[in-house]
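Please read the structure below before turning to the comments.
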Amino acid sequence: KDCIFDKFECCFNHNATHVLTGSYQNRFHLLSADGSTPDLALEASQTPYRRASAPPLYSAADLPPDFSRRVLHTAFHPQHNVAAIAATSTLYIMNGT
């Protein structure tokens with residue numbers, strides 16, 4: 001209920017070209033640091049590589065999102081395109097190309 005106190009970590013990859021951050025609904029976002037490519041939103045779930053659409057937080061016809069499902073911790077490897085994402089009680093390791 002006290003979502004105002006949630007602190008989503010934000011990190012840069014090893015060559016500072018991308019930014020990774022968490023969000024609600026077990027989503028995490030990968031953004032290019034220079035804004036040249038659109039935001040890639042993925043869901044940390046049992047079905048990897050499932051793209052999550054990024055609808056507005058609230059819609060008149062939809063219920064509000066589950067704020068208890070969130071990705072608060074993210075980290076990039078210091079030398080490779082490998083990221084660690086922590087959602088609820090699960091750790092996901094993503095290997096980029």
Side-chain angles (χ1 to χ4, degrees):
K1 294 217 175 215
D2 294 326
C3 297
I4 193 168
F5 298 109
D6 288 341
K7 295 178 183 166
F8 296 100
E9 291 180 359
C10 180
C11 60
F12 284 91
N13 67 337
H14 68 283
N15 57 1
T17 58
H18 290 87
V19 179
L20 181 66
T21 188
S23 184
Y24 295 107
Q25 295 293 104
N26 273 1
R27 291 184 182 157
F28 57 98
H29 299 267
L30 183 65
L31 304 105
S32 63
D34 63 0
S36 62
T37 58
D39 173 11
L40 177 64
L42 295 170
E43 182 178 353
S45 69
Q46 297 295 330
T47 55
Y49 305 111
R50 187 173 105 187
R51 273 187 192 224
S53 60
L57 282 179
Y58 291 100
S59 171
D62 296 316
L63 297 173
D66 181 3
F67 290 114
S68 66
R69 295 177 49 226
R70 56 190 176 250
V71 173
L72 293 176
H73 306 288
T74 58
F76 266 112
H77 187 278
Q79 298 168 345
H80 303 287
N81 281 331
V82 176
I85 295 104
T88 316
S89 62
T90 307
L91 176 66
Y92 297 91
I93 306 294
M94 305 294 287
N95 185 8
T97 55

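The residues of the chain are indexed from 1 along the displayed sequence.
- No continuous path of ILVMFWY side-chain contacts below 4.5 Å connects V82 to F76, so the two sit in separate hydrophobic clusters.
- Looking at heavy atoms from C-beta onward, H14 lies out of side-chain contact with P78 at the 4.5 angstrom threshold.
- Here NE2 of H73 is found 11.0 Å from NZ of K7. Values are rounded to the nearest 0.5 Å.
- The only option from L42, D39, T74 that meets the side-chain contact (heavy atoms from CB on, under 4.5 Å) definition with H29 turns out to be D39.
- T17 contributes atom OG1, which lies 10.0 Å from atom CZ of F12 (distance to the nearest 0.5 angstrom).
- From I93, atom CD1 reaches atom CD1 of I85 across 7.5 Å, with rounding to the nearest 0.5 Å.
- Residues R70 and N26 come closest through the heavy atom pair N-OD1, 3.2 Å.
- With rounding to the nearest 0.5 angstrom, the CG atom of L20 is 9.0 Å from the CG atom of N13.
- Using a distance-only test at 3.5 Å, with no hydrogens or angles considered, no donor-acceptor pair links the side chain of S23 to the main chain of F28.
- One finds the OG1 atom of T37 at 8.0 Å from the CG atom of L31 (value rounded to the nearest 0.5 Å).
- When all heavy atoms are compared, the tightest approach of A16 to A33 is O-CB, 3.5 Å.
- For L91 against A84, the heavy-atom pair with the smallest separation is CD1-CB, 4.1 Å.
- Of all the heavy atoms in V71 and F8, the pair that sits closest is O-CD2, 3.0 Å.
- When all heavy atoms of Q79 and H77 are compared, the closest pair comes out as N-ND1, 2.9 Å.
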Evaluation steps, side-chain contact (heavy atoms from CB on, under 4.5 Å), between L72 and E9: CA-CA 6 Å; L72 293 176; E9 291 180 359; over 6 Å; no
